[in-house]
Amino acid sequence: MATFGQIIFCSMITLIVLFSAIIILILALALSGSTSEVISTNTWPIGNLGEDQLLSCYVNTDSQAKLTKVSVTWEKKDLSGLVYKYQNAAPVLGDQNSQFKGRTQLFPDALVTGNASLLLRAVRSTDAGVYTCAISSSTAGGKVNINLRTAAFSAPTFNVLDGNLVATASRWFPKPHVTWLKYGNKVLNGITNFTEDTAGMFSVVSKLQPVNISDTYTCRIENNLVTAVSEATVTGVSGVSENTYFTYSAASSLLASTYLSIMTTVLCIYYLT
Ligand SMILES: *[C@@H]1O[C@H](CO)[C@@H](O)[C@H](O)[C@H]1NC(C)=O
């Protein structure tokens with residue numbers, strides 16, 4: 001048995017590791033990310049395969065003054081050529097990598113306010129990676145890194161069939177797993193079938209039985225990147241009212257530091273007992 005003193009000792013060690021991890025994370029973000037006034041509203045976006053994704057990048061300035069002589073370069077790590085370049089009030093696409101031809105655009109009207117966000121059309125799995133957005137102008141500039149990850153996700157639709165509550169979701173990748181819950185925490189046993197199409201995309205059909213009219217069930221479809229949480233209320237013998245929201249996984253370094261501190265606690269207690 002660990003004594004009270006040993007538990008205190010382990011807690012202290014864990015706190016030290018956790019704070020070190022947070023400091024390293026902040027330093028890493030500060031050094032690798034924004035070296036300037038250029039920032040992003042989302043440096044870890046998840047693109048939904050086949051859909052458009054905005055990569056956010058803008059000059060963080062309080063001044064209302066319009067920027068002049070704005071030039072913007074978007075590059076992708078380990079990729080030859082450019083993703084996009086804008087200079088002298090026009091796109092400069094001679095060096096653009098063919099992967100991005102016809103799939104990228106800036107918002108020229110937004111550039112004068114320092115907004116150089118890039119719209120990437122019809123996201124592909126090969127688009128995943130680290131992008132650098134560099135802005136320069138007569139008064140402000142800098143760069144920021146954006147880590148794009150890709151996945152496929154779609155909200156399920158619900159219906160009641162032969163007393164089963166059935167959730168159907170058409171496109172998921174990587175393969176998700178499905179959990180049914182009642183009152184937000186009691187796990188129920190559903191039966192889930194996956195079908196993989198030729199593109200490697202999974203469709204999901206999950207059935208729950210028995211269900212009661214006017215009860216609300218939670219269906220959670222999740223993979224390592226995206227979670228879809230749906231609340232489905234059975235309104236009649238065939239009716240369901242539903243509502244889905246998505247949450248996206250945070251930066252992997254944050255997960256890594258959490259994992260590290262849990263491991264430290266476990267090892268510390270193990271060695272002391
Ligand atoms: C930048 O412009 C895009 C496209 O118009 C817009 O969606 C986004 O909200 C803007 N970002 C900021 C920080 O103004």
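For ligands, and for the atoms within them, numbers begin at 1 and follow the listed sequence.
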> Counting only heavy atoms, which portion of T113 has something under 4.0 Å from ligand 1: side chain, backbone, both, or neither?
Replying inline: neither

For ligand 1, which atoms, with element, lie under 4.0 Å from some heavy atom of [X]?
X    : value
L54  : 7 (O)
S117 : 1 (C)
F107 : 4 (C), 5 (O)

> Nearest to atom 8 (C) of ligand 1, what protein heavy atom do you find, and at what distance?
Replying inline: N115 ND2, 3.7 Å

>> Students often mix this up, so state it plainly: with edges at 30° and 60°, are the rings of F173 and F202 parallel, tilted or perpendicular?
In response: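 Aromatic pair F173/F202 classed parallel.
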
> Any N/O of T41 closer than 3.5 Å to an N/O of ligand 1?
Replying inline: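 No; the residue has no nitrogen or oxygen that sits under 3.5 Å from a nitrogen or oxygen of the ligand.
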
> Does I191 CD1 have over 12 foreign heavy atoms under 6.0 Å away?
Replying inline: no

> Quick one: which of R121, Q105, R103 gives a side chain to side chain donor-acceptor pair (under 3.5 Å) with D52?
Replying inline: R121

> Does atom 2 (O) of ligand 1 have a protein heavy-atom neighbour under 4.0 Å away?
Replying inline: yes

>> Looking at S117 and C57, would you say the former's side chain and the latter's main chain have a donor-acceptor pair under 3.5 Å?
In response: yes

>> With a 3.5 Å distance limit and no angle check, can you tell me whether E75 reaches the backbone of T132 through a side-chain donor-acceptor pair?
In response: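 It does not hold such a pair.
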
>> Could you tell me if K77 sits above the aromatic ring of Y131, with its cationic atom closer than 6.0 Å to the ring centre and no more than 45 degrees from the axis?
In response: no

